[in-house]
Protein chains: 2
Amino acid sequence: MPPKASTTPDPEARPPGRTVRITDVAAAAGVSAITVSRALNTPDRLTKATLRRVLSAVDRLGYVPNLMAGALASRRSRMIVAIVPTIATPMYADALQAFTNAMSQAGYHVVLGLGGFDRREEEQLIITLLGRQPDGLLLVGSAQSAEAKKRLAEAGIPTVEIWGDASPRADLQVGFSHAGVGEAVANHLCDRGYRSFGIVSSDDIRAMERLDGFRRTVERRGGRLAVQRLMAPPSTIMEGRRSLAPLLRALPEGGAVFCSSDLLAAGLLIEAGASGVAIPAELAICGFGDLEIGQAMKPALTTVSVDGAEMGQLAARCMTDRLAGNPIPRRIIVPVEIIQRETT
Amino acid sequence: MPPKASTTPDPEARPPGRTVRITDVAAAAGVSAITVSRALNTPDRLTKATLRRVLSAVDRLGYVPNLMAGALASRRSRMIVAIVPTIATPMYADALQAFTNAMSQAGYHVVLGLGGFDRREEEQLIITLLGRQPDGLLLVGSAQSAEAKKRLAEAGIPTVEIWGDASPRADLQVGFSHAGVGEAVANHLCDRGYRSFGIVSSDDIRAMERLDGFRRTVERRGGRLAVQRLMAPPSTIMEGRRSLAPLLRALPEGGAVFCSSDLLAAGLLIEAGASGVAIPAELAICGFGDLEIGQAMKPALTTVSVDGAEMGQLAARCMTDRLAGNPIPRRIIVPVEIIQRETT
DNA sequence: TTGTAGGCGTTATCAA
DNA sequence: TTGATAACGCCTACAA
């Protein structure tokens with residue numbers, strides 16, 4: 001007898017290769033599409049029995065909801081766009097990692113935008129990523145152009161800026177005063193008796209603000225800024241190593257140097273170790289960021305602790321609270337602390 | 001005269017607060033919606049004149065296409081999901097960064113999935129992220145469960161696994177043999193005359209494969225594996241520092257140690273420097289990853305160079321070629337090289 | 001508690 | 001070269 005198409009159509013039959021849709025599940029469970037939707041999104045609003053029936057069908061068919069379609073219909077994408085200059089720097093990477101994990105817990109996915117250190121590109125990135133209809137935006141150390149700002153405002157979605165600064169640029173902020181950090185470091189070093197100072201720093205915008213605070217305070221307290229090395233980000237250990245000699249030359253009587261990154265400071269320490277320069281006797285060093293490398297060096301690095309991961313987490317909390325309509329503070333100042341170790 | 005609604009309706013007027021849609025642009029430019037779509041996607045298929053008219057309207061209205069709607073209609077999301085265990089590790093971060101940049105160039109956005117080192121979670125992540133309808137998937141050092149594999153196959157999208165290994169798990173692979181690396185390191189150390197060996201390693205799956213290769217080769221060449229310290233990822237410098245003492249105890253006559261990460265090796269070097277242990281005379285050290293810290297240490301670290309950024313880039317090329325329908329090799333082996341510096 | 005009708009904003013398809 | 005029409009797969013709003 002020749003094989004013949006079944007006369008009672010199998011409710012689970014589909015043209016092979018076609019992906020499983022919500023209507024397939026509905027048919028298999030003997031309910032309507034909307035009931036399947038509810039089973040997945042608001043399960044409490046269904047009878048235990050139907051819920052079970054639907055979920056079992058979901059399972060059997062291996063149904064994976066098309067989130068794009070859902071987003072289009074509900075106007076909620078459950079995606080957050082995160083724009084970061086780079087993730088090759090541990091500080092930003094930690095922040096993004098913590099943020100992504102926390103948002104993921106809350107059912108959001110993160111779209112990654114790598115802005116680099118170029119304004120034009122970052123702006124373009126913001127605009128195209130806005131086309132993804134994100135429910136929110138995370139900006140890490142991003143300087144926004146006027147155009148980008150306008151678009152953000154029009155998008156009408158919560159925007160959290162972390163790693164931020166005193167001057168409010170974004171909707172919501174999680175950060176600290178960079179100038180204040182510079183000031184605190186200068187005070188710390190002056191208090192410990194240093195009078196001559198050096199700077200080794202990347203020239204990115206945040207670092208420059210820290211330097212401003214540092215310089216002003218050093219000056220006010222009668223210190224002398226003898227030398228300053230600026231370089232393009234990202235900071236590297238090698239740049240730090242190369243900086244030791246010029247620093248010692250400019251500070252022949254000793255002094256203290258403020259580095260814009262623990263990486264630079266670690267380079268200084270390595271070079272000092274290699275060439276027998278006593279730290280802090282011949283040169284005191286203060287870093288920034290409290291990276292693992294700083295605590296692990298010998299002598300251990302005095303530095304400024306800023307917890308990138310904590311900022312990421314706080315940003316996520318802000319974001320989810322805001323998305324849930326809960327009232328939240330517009331600005332959160334995270335604690336920043338000078339960790340006195342062995343290099344000052 | 002009282003203000004009165006204009007009788008010739010402004011083609012650019014919209015209820016305020018409503019976002020600009022393609023039909024708004026169409027109306028403003030005096031064309032149909034599909035023409036606007038074409039102006040943006042296939043500009044060559046339009047008259048110069050209409051193209052100009054449309055683009056000017058796009059500009060004037062600040063139209064940003066809704067990519068979700070476009071994706072739904074075209075069945076191409078122009079999104080790639082990247083699943084990485086962590087970005088707190090420079091090696092993975094570099095790979096992801098290079099990949100994201102390259103894909104961005106090609107007009108794709110990357111959705112970030114942080115898998116951690118937990119299988120169950122990673123699997124769940126793969127499934128929900130598949131709901132985003134990505135056009136492709138990047139797996140970085142991901143071990144796929146059977147269930148996840150099935151879903152991936154059903155999704156029918158290109159999957160590139162980087163940081164991969166000899167055993168093909170994914171559709172496409174960009175990687176190298178981890179066991180081969182262990183073997184090469186063992187050979188290198190034996191060739192240089194070392195006979196007693198130690199291991200300091202994280203216990204993640206890739207590292208373990210490298211260790212297997214290392215052990216087998218050491219044994220074959222008559223060496224002796226005297227000590228082995230395994231720890232949970234991620235590797236830290238501090239763990240390295242703490243490992244020196246036990247290592248020296250187990251290797252009183254000297255020997256060589258293979259670390260699963262340059263971070264661990266750097267810790268060993270720092271501790272050695274602090275306690276006056278001569279490297280490599282009292283202990284030779286070989287790292288893995290060729291991170292900046294290794295080259296920047298004094299003495300400079302012998303290590304295995306694996307270029308994470310290059311893998312990311314190659315993966316992106318694979319992905320775009322495949323998406324464009326170009327034929328590509330199923331496996332790309334990236335060169336892995338032992339960089340002999342001062343610690344062996 | 002469940003279902004029906006309609007629309008989310010875009011692009012594929014076919015026609016002019 | 002341009003346009004009309006009909007999906008894409010799901011969810012909101014309302015009704016039963």
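Proteins come first, then strands; the chains are lettered A, B, ... in the order of their sequence lines, and each starts at number 1.
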- Taken to the nearest 0.5 Å, the spacing of B/Ile162 CD1 from B/Leu172 CG works out to 12.0 Å
- Item | Gap separating the CD atom of B/Gln105 from the OG1 atom of B/Thr100, nearest 0.5 angstrom | 12.0 Å
- Message: For D/dT2 and B/Ser32 - does any side-chain N or O of the residue sit under 4.0 Å from the phosphate oxygens OP1/OP2?
- Response: no
- Item | Flag side-chain contact, heavy atom, 4.5 Å: A/Gln313 against A/Phe99 | no
- Task: Could you tell me whether A/Glu123 and A/Arg120 have a side-chain N and a carboxylate O separated by less than 4.0 Å?
- Result: yes
- To the nearest angstrom, the NZ-P distance between B/Lys48 and D/dT1 comes to 11 Å
- Note on the structure: Rounded to whole Å, the CG-P distance (B/Asp44 to D/dT1) equals 10 Å
- Step by step, work out the salt bridge (Lys or Arg N to Asp or Glu O under 4.0 Å) result for A/Glu154 and A/Arg151. CA-CA 5 Å; A/Glu154 278 171 5; A/Arg151 304 290 190 132; 5.2 Å; no
- Item | Criterion side chain to side chain contact (heavy atoms under 4.5 Å, CB included) on A/Leu55 and A/Leu40, from CA distance to verdict | CA-CA 8 Å; A/Leu55 292 185; A/Leu40 265 17; 3.8 Å; yes
- Query: Rounded to the nearest Å, what distance is computed from the CD1 atom of residue B/Ile34 to the P atom of nucleotide D/dA6?
  - Reply: 15 Å
- Message: Students should find this one: the first and last nucleotides of DNA chain C, 5' to 3', lying under 4.0 Å from a heavy atom of chain A. What are they?
- Response: C/dT1 to C/dG9
- Can you find a heavy atom in the side chain of B/Val111 that is under 4.5 Å from one in the side chain of B/Leu129? yes
- Residue-phosphate contact under 4.0 Å: B/Thr50 side-chain N/O, D/dT1 OP1/OP2: no
- Which residues in residues 63-74 of chain A have at least one heavy atom lying under 4.0 Å from any atom of DNA chain C? A/Leu72, A/Ala73
- Rounding to a whole Å, what distance do you find between B/Arg45:CZ and D/dG3:C1'? 13 Å
- Task: Would you mind reporting whether B/Met79 and B/Met68 have side-chain heavy atoms less than 4.5 Å apart?
- Result: no
- Tell me what B/Leu46 touches on the nucleic acid: a base, only sugar-phosphate, or nothing, going by heavy atoms under 4.0 Å. sugar-phosphate
- Query: Do B/Arg75 and D/dG9 share a donor-acceptor pair, side chain to base, under 3.5 Å?
  - Reply: no
- Are A/Glu161 and A/Arg206 ion-paired here, with the side-chain N under 4.0 Å from a carboxylate O? yes
- Of B/Asn41 and A/Leu51, the one whose closest DNA chain C nucleotide lies more 5': A/Leu51
